[in-house]
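Everything on this sheet refers to the single structure shown next.
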Amino acid sequence: MQREQQTISVRQLAILVIFFIIGDMQLYLPPLTAAFAKQSAWMSGLIGVPFGVGAAWFIFRISKRFPGKTLIDINNQAFGKIAGGLLSLVFLVMMFNTSITQVREIADFVTTQMMMETPQLVICLLLVLPITLAIRGGITTIARLGEVIFPLFSALFILLIILLIPKIDLTQLLPIEVTGFPGIVKGALFFIAFPFCEMFAFLMIFDSVEESEHAARDYLLAALAAGIAIWVIIVLCICVLGVFATEHTVYSPYVMAKKINIGDFVQRLEAVLAIDYIISTYFRCIIYGYAFVRGLQQLFKLQDHRFMMRPFGFLIVGYAYFLAPGIVAFVQFDVAWLFWVFTYSPGLLLLSYIAARLRQGWSKKGEG
Amino acid sequence: MSRFTRRVGKLLLLMLVWSIAASAVSGCWNRRELDTLGIQLGTAIDKVGNQYRVSVQVVIPSELSAKAGGGGRSPVAMYEATAPTVFEAFRKLTETSSRKIYSAHIRVLIIGESLAREGIANVLDLLSRNPEARTDFYLMIAHDAPANQILKILTSLEKIPAENLFYALDTSAKTWAPTTTVTIESLIEQLVTDGISPVLTGVRLEGKARQGENISNIQQADSRTRTRITGLAVFHSDKLIGWLNENYSKGYNYIMDNVTSTVGHQTCPDGGYIVMEVLRNKTKLIPKVVDGKPVIKVKMKQVASVADVECKIDLTKPETIKMLEENGKQRIRGVIQGAVEHVQKTYNSDIFGFGNTFHEYKPKQWEKWKDDWDELFPQVKLEYDIELQIPKVGTTNDAFQNYLKK
């Protein structure tokens with residue numbers, strides 16, 4: 001099974017985009033945006049969605065300019081084998097790091113909210129098998145898995161939102177704007193960076209997508225839908241819990257889900273949110289993981305990627321543990337991480353894009 | 001042949017993977033069986049000297065089952081421990097309890113009055129930080145009694161005293177204006193929000209405490225000792241500063257839009273009372289600035305029905321209903337005005353959230369007033385826009401008292 005022949009449909013791509021964007025953000029963005037924008041976090045979201053979809057569009061444009069090429073190829077074209085290869089390596093570090101960060105996030109969440117006395121290591125170990133199996137199967141496997149799980153995921157997501165409607169208190173959104181504009185913009189930056197700018201991992205996937213006229217439309221619609229979905233979670237969180245609790249609860253959407261109570265009968269459904277969170281974060285993890293492994297394979301011109309899965313599995317456990325000494329330090333990364341993401345996308349990505357375009361123009365080989 | 005063995009090998013491998021996975025996902029790291037847990041339904045926290053005394057009420061499942069039908073033993077067990085911090089005290093309970101106390105099903109948390117006067121913030125952190133406890137329990141302040149005493153009073157309709165307190169409060173908050181429910185999230189939100197101070201429901205002990213602890217207390221229809229939900233505790237910051245009586249509590253709940261249904265009376269023109277049942281009530285506070293002074297307009301819409309006539313009045317005439325509506329408005333006004341003035345004069349603690357209303361609707365004005373709100377709050381004037389409808393008079397029209405034989 002040659003990896004290059006693996007293809008996915010546009011529909012599958014759209015599903016992966018939704019999983020990727022919602023990812024861990026449904027749990028992390030509400031406290032983050034509320035910390036900066038307070039009760040106006042919903043405005044951060046409103047600013048964030050169009051800019052975020054714009055960022056997603058930019059990443060898609062790059063792949064359109066270089067059809068059939070991955071990020072590694074583009075880097076090579078831009079700066080030649082050695083410099084381009086080094087740049088690719090820098091990108092791979094980010095992909096590797098973010099992939100395993102997702103594992104750490106799941107482990108942190110489970111050991112904080114549900115199984116406090118369980119060692120984190122055990123949770124990581126449990127995740128190793130599904131992650132390595134999915135990546136080993138390649139993008140077709142990941143996409144099919146997405147297609148199978150997506151109905152469950154979206155049904156639970158919508159169920160959660162519907163059940164929370166009776167708990168909404170719109171006055172929590174008042175007063176409209178008091179921390180002022182800077183706070184809202186800061187909140188919006190997180191909203192743009194984490195879900196959307198990080199999508200550069202898809203540059204390792206776009207070349208596997210089947211030709212279709214609707215590719216751009218479906219891709220952007222998926223990004224828009226996912227952006228709106230996280231925005232809804234932020235608004236719900238503030239309306240249901242209030243600003244203070246949203247900001248100061250580590251996993252505020254989870255606590256929000258605890259509030260579900262319809263006639264003292266439909267209640268204690270917080271596990272629904274936990275399941276949804278773990279599903280989408282798992283996809284974010286394997287998409288990044290796949291991008292990393294595929295990048296490594298291309299960069300070093302390897303025949304197969306499968307032999308890398310065992311060491312990758314070991315690294316998941318080790319690196320997830322190594323990532324931060326504890327949750328307090330881990331949360332401290334957030335602001336630094338924001339700039340880190342912007343360095344890659346649009347930063348380095350734009351640099352590479354412009355350089356590759358210039359080269360293309362000089363040599364007159366590409367289809368400009 | 002080789003294909004066959006490969007298949008069998010694959011199958012075996014698959015089974016191995018499955019069994020490993022099954023053993024790994026079947027349970028939590030540290031499973032706890034139901035019979036090793038003491039399920040805690042009520043908690044009482046007092047301060048004794050410099051230490052916290054935590055008392056928990058644990059269910060005895062065998063005493064609750066319908067078949068066993070009460071062997072004359074108490075359906076709950078109380079455990080107490082005293083330690084410098086609340087969580088230590090919780091763990092120290094295991095010194096006396098045979099099972100680890102499981103707090104997920106807690107229904108009520110009762111805080112002793114003396115502890116409340118010193119400040120409750122430190123107690124609340126544990127309950128909001130600990131992921132085990134759900135947050136749908138109610139908080140109460142023990143009025144004039146140690147908190148653990150309240151939990152010890154055995155009750156008959158609900159076998160578990162904590163459940164009794166929970167439902168007594170839950171039901172009365174829905175049908176009786178002077179009581180209201182407070183959960184830990186809303187309490188914390190009020191503690192950290194500018195321009196609003198919290199209140200908590202009070203619970204009082206009636207009768208002799210010692211007697212209430214005894215099973216004989218529930219062997220008679222009229223229990224000698226009971227608990228009563230009554231009055232609201234007024235806080236300033238996280239410290240209890242005083243109590244509101246029934247009427248003031250009613251005014252408070254009207255302003256806070258906590259009233260869904262209640263009952264209230266009016267005096268008839270010729271003496272005697274006529275009683276209204278409030279079916280629906282909606283209150284909105286509208287902040288206004290009049291001559292640079294804060295003014296709150298209380299906009300209220302109430303639908304009531306005549307429930308009980310204990311005087312001579314002609315209910316067949318539309319004018320009578322008009323009059324009742326007018327009188328009702330005046331009464332509500334009086335109740336609200338009384339409560340606000342009392343709180344302004346006696347406690348000067350913005351439990352009505354007037355400041356918060358300004359913050360929400362007039363953020364710029366609030367910025368100016370924020371720092372000296374303590375001086376401004378007693379000057380807040382009220383305006384009223386009360387709408388009261390009495391569309392129904394119950395199943396009878398004119399009262400039969402009007403036709404009594406002489």
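Not measured: the values here are computed from a predicted model.
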[atom2] on [Y] to [atom1] on [X], rounded to 0.5 Å:
{"X": "B:Glu189", "Y": "A:Thr246", "atom1": "CD", "atom2": "OG1", "answer": "8.0 Å"}
{"X": "B:Arg129", "Y": "A:His248", "atom1": "CZ", "atom2": "NE2", "answer": "11.5 Å"}
{"X": "B:Glu360", "Y": "A:Leu173", "atom1": "CD", "atom2": "CG", "answer": "9.5 Å"}
{"X": "B:Asn356", "Y": "A:Thr171", "atom1": "CG", "atom2": "OG1", "answer": "8.5 Å"}

Does [X] [atom1] have over 12 foreign heavy atoms under 6.0 Å away?
{"X": "A:Phe330", "atom1": "CZ", "value": "yes"}
{"X": "B:Lys239", "atom1": "NZ", "value": "yes"}
{"X": "A:Lys259", "atom1": "NZ", "value": "yes"}
{"X": "A:Phe314", "atom1": "CZ", "value": "no"}
{"X": "B:Leu157", "atom1": "CG", "value": "no"}

Let me know if [X] has heavy atoms under 4.5 Å from chain B in its side chain, its backbone, both or neither.
{"X": "A:Val255", "result": "side chain"}
{"X": "A:Leu125", "result": "neither"}
{"X": "A:Thr112", "result": "backbone"}

### Task
Determine whether B:Asp136 and A:Lys258 make a side-chain contact, defined as any pair of heavy atoms from C-beta on separated by less than 4.5 Å.
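No. Closest side-chain heavy atoms not under 4.5 Å.
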### Task
Would you mind reporting whether B:Thr193 and A:Phe244 have side-chain heavy atoms less than 4.5 Å apart?
no
